[in-house]
Amino acid sequence: MSETFTKSMARNIYYGGSLFFFLLFLALTFQSHQEFPKRDNHENLTESAARGKLVWEEHDCIGCHTLLGEGAYFAPELGNVYLRFGQSTDAIKGFIKGRPASGIPGRRSMPQFNLTDQELEDVAQFLKYVSGVNTSNWPPSIQG
Ligand code: HEC
């Protein structure tokens, strides 16, 4: 075996390595797209939940909250709030309606959004839908 490491050897490692990892990337991407439909909880993806996502976006809930880990870290994670609130959309609606909480000084408080009954129902259905997405039990704690 040659003791020298030639330019062409380096080039082959570079091209071979790039090709190998590109193919691995394609295979894993393909596998992910096979798995998504099995995990996305589409039974609960109702018209109401879809409208709820618009309410969620229009009021920039993600500007304070995280949803499945994505978003701002000012307020609690809401991906599992439906489970945390005893699987009750009424509890979620009541909470949102009742803001801001009677001011404890220094405590973060959610503003009042004056949502209509329909918007409240829709955003609660959206949060119910999200709670059923199979995230491999993430976050590990229901408080997370
Ligand atoms: C300005 C920041 C801010 C925005 C925007 C915001 N929230 Fe909140 N939210 C909070 C804070 C802070 C809390 C926790 C403190 C409290 O009790 O108000 C909270 C708590 C919650 C809770 C209860 C979470 C729990 O585990 O107790 C729900 C449900 C919720 N928000 C839903 C929403 C929805 C839906 C929207 C969009 C319509 C929204 N939030 C927009 C700041 C915000």
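Each ligand, and each atom within it, is numbered from 1 in the order the structure gives.
A salt bridge is defined here as a Lys NZ or Arg NE, NH1 or NH2 lying under 4.0 Å from an Asp or Glu carboxylate O, and E57 with K53 meets this definition.
Side chains of R84 and S131: a donor-acceptor N/O pair is absent below 3.5 angstrom, by distance only.
The aromatic rings of F126 and W56 are tilted relative to each other, their planes meeting at an angle between 30° and 60°.
Only the backbone of D60 comes within 4.0 Å of ligand 1, counting heavy atoms alone; no side-chain atom from C-beta on gets that close. If you look at C61 next to ligand 1, the close heavy atoms, those under 4.0 Å, come from the backbone and the side chain alike.
Ranking the protein heavy atoms by distance from atom 32 (C) of ligand 1 puts L78 CD1, 3.5 Å first. Nearest protein heavy-atom contact of atom 22 (C) of ligand 1 is F95 CE2, 3.1 Å. In terms of protein heavy atoms, atom 18 (O) of ligand 1 is closest to M110 N, 2.9 Å.
For ligand 1, the atoms closer than 4.0 angstrom to any heavy atom of R84 are 25 (C), 26 (O). Taking every heavy atom of H59 and a limit of under 4.0 angstrom, the matching atoms of ligand 1 come to 38 (C). Set against the non-hydrogen atoms of I96, the atoms of ligand 1 under 4.0 Å away are 35 (C). Close contacts between ligand 1 and P111 involve ligand atoms 1 (C), 3 (C) [criterion: under 4.0 Å to a heavy atom]. Near R107, with a cut-off below 4.0 Å to any heavy atom, the atoms of ligand 1 are 15 (C), 16 (C), 17 (O).
Between atom OH of residue Y129 and atom CD of residue E43 there is a gap of 10.0 Å, rounded to the nearest 0.5 Å.
Contact annotation: the side chain of L120 never approaches that of T116 to less than 4.5 Å [non-hydrogen atoms, C-beta and beyond]. Counting only heavy atoms from C-beta outward, the side chains of L68 and N80 never approach each other to under 4.5 Å. At least one side-chain heavy atom of I96 sits under 4.5 Å from a side-chain heavy atom of L115.
Among the backbone and side-chain atoms of H65, an N/O/S atom is found under 2.8 Å from atom 8 (Fe) of ligand 1.
Considering only non-hydrogen atoms, atom 4 (C) of ligand 1 lies nearest to C64 out of P100, G52, C64. Of all the listed residues (A124, P76, A75), A75 holds the heavy atom that lies closest to atom 42 (C) of ligand 1.
Using a non-hydrogen distance threshold of 4.0 Å, S109 registers as a contact of ligand 1.
Both tests hold for R99 against F95: distance to the six-membered ring centre under 6.0 Å, angle to the ring axis within 45°.
When all heavy atoms are compared, the tightest approach of D122 to R51 is OD2-NE, 2.9 Å.
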